[in-house]
Amino acid sequence: MMHVFNRLTGKKEIFKSLVPNQVGMYICGMTVQDSPHIGHMRSFVTADIMRRYLEFRGSRVHHVQNFTDIDDKIIKRANDERVPYTTVADRYIREYFDVAEKLNLLRAHVYPKATEEIDAIIELIQKIIENGYGYEVDGDVFFSVEKFPKYGELSGRKTDELLTGTRFKVDPKKQSPLDFALWKSTKLNEPSWDSPFGKGRPGWHIECSAMAMKYLGETLDMHGGGLDLIFPHHENEKAQAESATGVPFVKYWVESGLLNIGGEKMSKSLGNFSPMNELLNSFSANEIRFFLISHHYRSPLEYNNERLTEAKQAFSRIENCVRNAYFYISRNGEKLEIENPEIDRIKPNNLEDFIQAMDNDFNTAIALSHIFDLVKETNIAIQSSNPAPAILEMTDSLMVMCTLLGFRFEAPRRQDPTDNIFNRMVDKTLEWRQMLRKEKNWAMADRIRDDLTSLGLIIEDHPKGSTWKWTK
RNA sequence: GGCGGCAUGGCCAAGUGGUAAGGCAGGGGUCUGCAAAAUCCUUAUCCCCGGUUCAAAUCCGGGUGCCGCCUCCA
């Protein structure tokens, strides 16, 4: 049975979707004003793992992740660059997909964009006004927070406390400082759309309420995104949706913890981030993913080079095991056909432990510890020359877990013919070296190994031959 | 000022009542022609004080320190 921590109640709850085995999941995507960084990716990797695991547990997940492609900063950037706002938005949307692909994030089923959903947004605003929660002033439309008594339910704020905390200039058009814009009337040099309230553009929060409900219905099973969105974004989304429909907007709120750098939150506004693309030059997708999921998804996570290097080392343990296991199987494959009663005894139960960990609010840290347990068992099994089928069984189990966590291993041989030639050349070289070793020509054998190392290939010798991997 | 979170071995990090997962780093051993990989051994009364309990890292109260949100942000 799966348990999920629900922000709304502040408790771990048994996970039960509205419709059995069908999960509607909305993830707040990026406001495409700049390049994605590892902080963004933390929340998307978290969502990715939730989705993979729910699917593994037998649910069909309908995954919607938006792009907010119109907002103040996008407009500003476009004006600075003297290009249409779409140029800016499209650029960063492309960058997002590029990085997402590299990180092995499963593609959402729908990626709605705010500017392509204006009709749904207008319709929702009208509904809110009709129900008495919104009001129009000179082409602007605001949400009246005091009309919605449940405001603050999600983020744990009280409206009177919020008022005392107000420390920014208040738009005089607002009836109350807490009210927020549903529709902003057009200004000079700004893109705008026609609406019953006049030309303008959607406010920040409304697009998510509109798109989420359009694609997933009035009540979603899960809604995720970064913890920094809880207030005001998610609180407002909830207020908008519920004031329009009268039913709960989201069953489980599953925000993920933030990523800090130097003790501070990494964010676009603080400027303390480097683009994900650059990070991917220094570390592999697997290593970055490992770093992100070796901590609980709801805790704050401190990012620095040392941590990443640590993750790299840790992950190489898994990689080495997989490579050595497949090598062992390939060299002892003839035994694969042999029926061996020992196999059942060796059959790992780590998968059950793994599932138990993941069932408990996606505890990837514990899940990883079970992966390491299996890695160790597999290494020992190889070292003590267990039959290949037993090793294969363990490796299969290991691969299931790794795949569930979104790790991707290079196929042993790629289809690319150049790669094939390269691989065959390395294999040949290792074969020759093996002959030299048989002749105890250590000087020559070591020289080949050293030369290959200087080219970036690390050679490891095993009883039945050698394996190689890239230095990174 | 308000709200919320966190404090576990050298470092990172799980663990919410029954006596401390896992990883990284260090030291020592085994294996190996050597190296690498692997493997074995090795380091914790869980921030402090008080309380509840047969039993607390885990619950309650107080204290100290750090962080996030309250303004655009995944």
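Numbers restart at 1 for each chain; the letters A, B, ... are given by sequence-line order, proteins then strands. Everything numeric here is computed off the predicted structure, so don't read it as measured data.
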## Note on the structure
B/rU52 -> Watson-Crick or G-U wobble partner, both distances under 3.5 Å, gives none

### Task
Return the nucleotide paired to B/rA44: Watson-Crick means purine N1 to pyrimidine N3 with N6-O4 or O6-N4, wobble means G-U with N1-O2 and O6-N3, both under 3.5 Å.
none

### Task
Check each residue of residues 40-50 of chain A for a non-hydrogen atom within less than 4.0 Å of any atom in RNA chain B, then write out the ones that pass by number, or none.
A/His40, A/Ser43

### Task
Send over the distance from A/Asp228 CG to B/rG4 P, rounded to a whole Å.
19 Å

### Query
Taking the six-membered ring for Trp, are the ring centroids of A/Tyr53 and A/Phe56 within less than 6.0 Å of each other?
yes

### Message
Work out how far the C1' atom of B/rU43 is from that of B/rG26, and round it to whole angstrom.
### Response
10 Å

### Message
For the P atoms, the ones on B/rC41 and on B/rG4, what distance do you get once it is rounded to whole angstrom?
### Response
46 Å

### Query
For atom P, what is the distance between B/rC60 and B/rU52, given to the nearest Å?
15 Å

### Task
State whether A/Phe97 and A/Arg107 meet the cation-pi test: NZ (Lys) or CZ (Arg) under 6.0 Å from the six-membered ring centroid, and within 45° of the perpendicular axis.
yes

### Query
Looking across every strand, which nucleic acid part, if any, lies under 4.0 Å from A/Gly29 by heavy atom: base, sugar-phosphate, or nothing?
sugar-phosphate

### B/rU45 to B/rU71 separation - C1' atoms, rounded to the nearest Å
46 Å

### Message
Does the protein touch nucleotides 9-22 of chain B at the base, only the backbone, or not at all? Give it as B, S and - per nucleotide, heavy atoms under 4.0 Å.
### Response
--SSSSS-----BS

#### Entry: A/Glu255 CD - B/rC3 P separation (whole Å)
20 Å

### Query
Are A/Tyr252 and A/His223 an aromatic pair by the rule of ring centers under 6.0 Å?
no

### No-H, no-angle donor-acceptor pair, A/Asp461 side chain to B/rC34 base, under 3.5 Å
yes

### Query
A/Phe180 CZ to B/rU71 P: how many Å, rounded?
13 Å

### Query
On a whole-Å scale, what distance lies between the P atoms belonging to B/rG1 and B/rC11?
31 Å

#### Entry: Mutual orientation of the aromatic rings belonging to A/Phe315 and A/Phe409 [parallel < 30°, tilted 30-60°, perpendicular > 60°]
parallel

#### Entry: Contact nearer the 5' end of RNA chain B, comparing A/Asn320 with A/Gln313
A/Gln313

### Message
Between A/Asn386 and A/Ala381 (side chain of the first, backbone of the second, donor and acceptor by atom type, cut-off under 3.5 Å), is there such a pair?
### Response
yes

### Query
Under 4.0 angstrom, heavy atoms only, what part of the nucleic acid is A/Leu258 near: base, sugar-phosphate, or nothing?
base

### Task
Could you state the atom-to-atom distance from CZ of A/Arg437 to P of B/rA35 in whole Å?
13 Å

### Message
Quiz question: going by heavy-atom distance under 3.5 Å, is there a donor-acceptor pair between the base of B/rG5 and the side chain of A/Arg298?
### Response
no

### Query
Can you tell me how far P in B/rG5 sits from the matching atom in B/rC59, rounded to whole Å?
12 Å

### Message
Please give the distance between the P atoms of B/rG28 and B/rG51 as a whole number of Å.
### Response
46 Å

### Message
To the closest 0.5 Å, what do you measure between CG (A/Leu455) and CH2 (A/Trp468)?
### Response
11.5 Å

### Query
For A/Gln383, which contact category applies under a 4.0 Å heavy-atom criterion: base, sugar-phosphate, or nothing?
base

### Query
For RNA chain B, whose closest nucleotide is more 5', that of A/Arg7 or that of A/Val375?
A/Arg7

### Message
Which nucleotide, if any, forms a Watson-Crick or G-U wobble pair with B/rG1, using both distances under 3.5 Å?
### Response
B/rC70

### Task
Looking only at side-chain atoms of A/Asp446, point me to the closest of B/rC40, B/rG33, B/rA35.
B/rG33

### Message
Please confirm whether the shortest side-chain N or O distance from A/Gln33 to OP1 or OP2 of B/rC72 is below 4.0 Å.
### Response
no

### Task
Give a yes/no answer on whether the side chain of A/Asn324 brings an N or O atom under 4.0 Å of OP1 or OP2 in B/rA37.
no

### Query
A/Phe5 ring centre to A/Arg298 NZ or CZ under 6.0 Å, with the angle to the axis within 45°?
yes

### Task
Please find out if less than 6.0 Å separates the ring center of A/Tyr215 from that of A/Tyr26.
no

### Message
Would you say the rings of A/Phe15 and A/His3 are close, in the sense that their centroids are separated by under 6.0 Å?
### Response
no

### Message
Under 3.5 Å for both donor-acceptor distances, Watson-Crick or wobble: does B/rG10 have a partner, and if so which one?
### Response
B/rC24

### Query
NA contact type, A/Gly225, heavy-atom cut-off 4.0 Å: base, sugar-phosphate, or nothing?
sugar-phosphate

### Query
What's the spacing between A/Asp69 CG and A/Tyr85 OH if we round to 0.5 Å?
6.0 Å

### Query
Between B/rA38 atom C1' and A/Ile459 atom CD1, what is the distance in whole Å?
17 Å

### Message
Could you check whether A/Arg157 makes a cation-pi contact with A/Phe231, meaning its NZ or CZ is under 6.0 Å from the centre of the six-membered ring and within 45° of the ring axis?
### Response
yes

### Task
Pick base, sugar-phosphate or nothing for A/Ile230, based on heavy-atom distances below 4.0 Å to the nucleic acid.
nothing

### Message
Going by purine N1 to pyrimidine N3 plus the second Watson-Crick contact, or the G-U wobble pair, all under 3.5 Å, which nucleotide sits opposite B/rU30?
### Response
B/rA38

### Query
Which value, in whole Å, describes the distance between the P atoms of nucleotides B/rU53 and B/rG63?
23 Å

### Query
Should we count CD of A/Gln356 as having more than 12 external heavy atoms under 6.0 Å?
no

### Query
To the nearest Å, how far apart are A/Phe231 CZ and B/rG4 C1'?
13 Å

### Message
Considering every strand and a 4.0 Å limit on heavy-atom distances, what is the contact class for A/Ser256: base, sugar-phosphate, or nothing?
### Response
nothing

### Task
Find the distance A/Arg157:CZ to B/rC3:P and express it as a whole number of Å.
11 Å

### Message
Tell me the interatomic distance from A/Leu227, atom CG, to B/rC70, atom P, rounded to whole angstroms.
### Response
11 Å

